[in-house]
Engineer: 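Once you've had a glance at the structure underneath, I'll fire off some questions.
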Amino acid sequence: MLYHKTFRHKSSQTWVVFIHGAGGSNVVWFRQLREFKKHFNVLLVDLRGHGKSKKEYTQEEIYKFDEIALDVIKTMDHLQVEKAHLVGISLGCIVIRAMDKLAPGRAESIILGGAVIQFNSRIKVLLNVAKLLNSIIPYMWLYRINAWILIPYKKDIESRKLFIKEAVRLGEKEFRKWLRMSSEIKLNLQEFLMKEASAPVLYIMGDRDHMFLPMVSNLVKQHFNSRLEVISNSGHVCNIDQPDVFNEHSIRFIKSISG
């Protein structure tokens, strides 16, 4: 069972489940929790190998992406959460799309922040270099390089520091497990590009998310059930860069779906 925290609202029946990205933990949602608790029941999880879920999966040498998605579904089952609004950031967005593929109908709506939806040529080069150098140089060097490429601007220094700080907690062994999944993630992304989600989707992207914003903008034009909000003065980790705006867009979208 994944490590999880629940915050129950005194009257609302609506659940919101937050999914962090690779190298993070439920801590990345600290700027969302206070506001969301005012309106909904909230479930925070640490994905396998991350945060306080790390100890439960130390013996496993290989992770499968569908298994990671099933971990979250099983946690919802354990808590008898039949349906929820799913909110993800970065690679957590792929976990959510995998959940929707395995259990369509469990998501009332889907909110994807800093969404990773496709591996372009630059990302493919980064992954290939990381695999090549993984056994040669310390993994934190690779992670810091990755952080600077994804979050290059001085204005986003706080997001970059948190990104790197959470990676330190992840550890080298877990980093390598997730790195090995890159080919599987790529296949999942190809499927998600072709097939729409079973629930309405809101993409929230920072205007400085130079790596992924152009791809999301193109995708939204092709998918009938999706819409995009671009946050000014924000980078890849938009829930931290501009939390008030991220919260406002998300809560309004959830309420428009759940009533």
Engineer: Determine whether the side chains of H50 and S25 contain a donor N or O and an acceptor N or O closer than 3.5 Å.
Structural biologist: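 Side chains of H50 and S25: no pair found under 3.5 Å.
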Engineer: So, using side-chain contact (heavy atoms from CB on, under 4.5 Å) as the criterion, who are the partners of V81 when residues are at least two apart?
Structural biologist: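 Listed in chain order: W15, M76, L79, A84.
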Engineer: Are the side chains of I111 and I96 in contact, using a 4.5 Å heavy-atom criterion?
Structural biologist: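 Side chain of I96 against side chain of I111, heavy atoms only: no contact under 4.5 Å found.
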Engineer: Can a donor-acceptor pair be found between the side chains of N41 and H9 at a distance below 3.5 Å?
Structural biologist: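 Not at all, the side chains of N41 and H9 share no donor-acceptor pair under 3.5 Å.
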Engineer: Looking at CD1 of I254 and CG of L202, how far apart are the two atoms once the value is rounded to the nearest 0.5 Å?
Structural biologist: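 Going from the CD1 atom of I254 to the CG atom of L202 covers 9.0 Å.
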Engineer: If every non-hydrogen atom of G105 is compared with every non-hydrogen atom of S198, which pair is closest and at what distance?
Structural biologist: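 So the minimum-distance heavy-atom pair works out to N-OG, 3.4 Å.
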Engineer: To the closest 0.5 Å, what do you measure between CD1 (I231) and CG (N233)?
Structural biologist: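 CG of N233 is found 10.5 Å from CD1 of I231.
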Engineer: Ion pair present between D66 and K101, side-chain N to carboxylate O less than 4.0 angstrom?
Structural biologist: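 Yes.
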Engineer: Would you call the rings of H85 and F40 parallel, tilted or perpendicular, taking 30° and 60° as the class edges?
Structural biologist: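 Rings of H85 and F40: tilted, 30 to 60°.
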Engineer: Enter the distance from E82:CD to E108:CD here, rounded to the nearest 0.5 Å.
Structural biologist: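 One gets 10.0 Å once the value is rounded to the nearest 0.5 Å.
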Engineer: Count the heavy atoms belonging to other residues, nucleotides or ligands that lie under 6.0 Å from CE of M194, then report whether that count exceeds 12.
Structural biologist: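 No, the 6.0 Å shell around CE holds no more than 12 heavy atoms from other groups.
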Engineer: List for me each residue that meets ring pair (Phe, Tyr, Trp, His ring centres under 6.0 Å) alongside F246, sequence neighbours excluded, and say none if there are none.
Structural biologist: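 Once residues adjacent in sequence are excluded, F246 has no partner under the ring pair (Phe, Tyr, Trp, His ring centres under 6.0 Å) criterion.
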Engineer: How long is the straight-line distance from CZ of F36 back to CG of N247, given to the nearest 0.5 Å?
Structural biologist: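 Between N247 CG and F36 CZ, I get 5.0 Å after rounding to 0.5 Å.
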Engineer: If you round to the nearest 0.5 Å, how far is CG of D100 from CG of L86?
Structural biologist: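 If I round to the nearest 0.5 Å, the distance is 7.5 Å.
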Engineer: Check this for me: R34, atom CZ, are more than 12 non-hydrogen atoms of other residues, nucleotides or ligands nearer than 6.0 Å?
Structural biologist: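 Result for CZ/R34: open.
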Engineer: Salt bridge between K52 and D46, side-chain N to carboxylate O under 4.0 Å?
Structural biologist: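 Salt bridge between K52 and D46, a charged N being under 4.0 Å from a carboxylate O: no.
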Engineer: With a 3.5 Å cut-off and no angle check, do the side chains of H39 and S12 form a donor-acceptor pair?
Structural biologist: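 Not at all, the side chains of H39 and S12 share no donor-acceptor pair under 3.5 Å.
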Engineer: Indicate yes or no: does R31 engage D241 in a salt bridge with an N to O separation below 4.0 Å.
Structural biologist: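 Salt bridge flag = no for D241 with R31.
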Engineer: Nearest 0.5 Å, please: how far is CD1 in I117 from CZ in F192?
Structural biologist: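 Output value for this atom pair is 12.0 Å.
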Engineer: Can we say R97 and E191 salt-bridge, meaning some charged N sits less than 4.0 Å from an Asp/Glu carboxylate O?
Structural biologist: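 No, this pair does not count.
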Engineer: Heavy atoms only: give me the nearest D209-M205 pair and the separation to one decimal.
Structural biologist: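 Nearest pair, atom of D209 first, then M205: OD2-CE, 3.4 Å.
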Engineer: Using the ring of Y203 (Phe, Tyr or Trp, six-membered ring only), decide whether R227 places NZ or CZ under 6.0 Å from its centre and within 45 degrees of its axis.
Structural biologist: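 No cation-pi geometry.
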Engineer: Should the heavy atoms of other residues, nucleotides or ligands under 6.0 Å from CD of Q13 be counted, would the total exceed 12?
Structural biologist: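 Incorrect, the count does not exceed 12.
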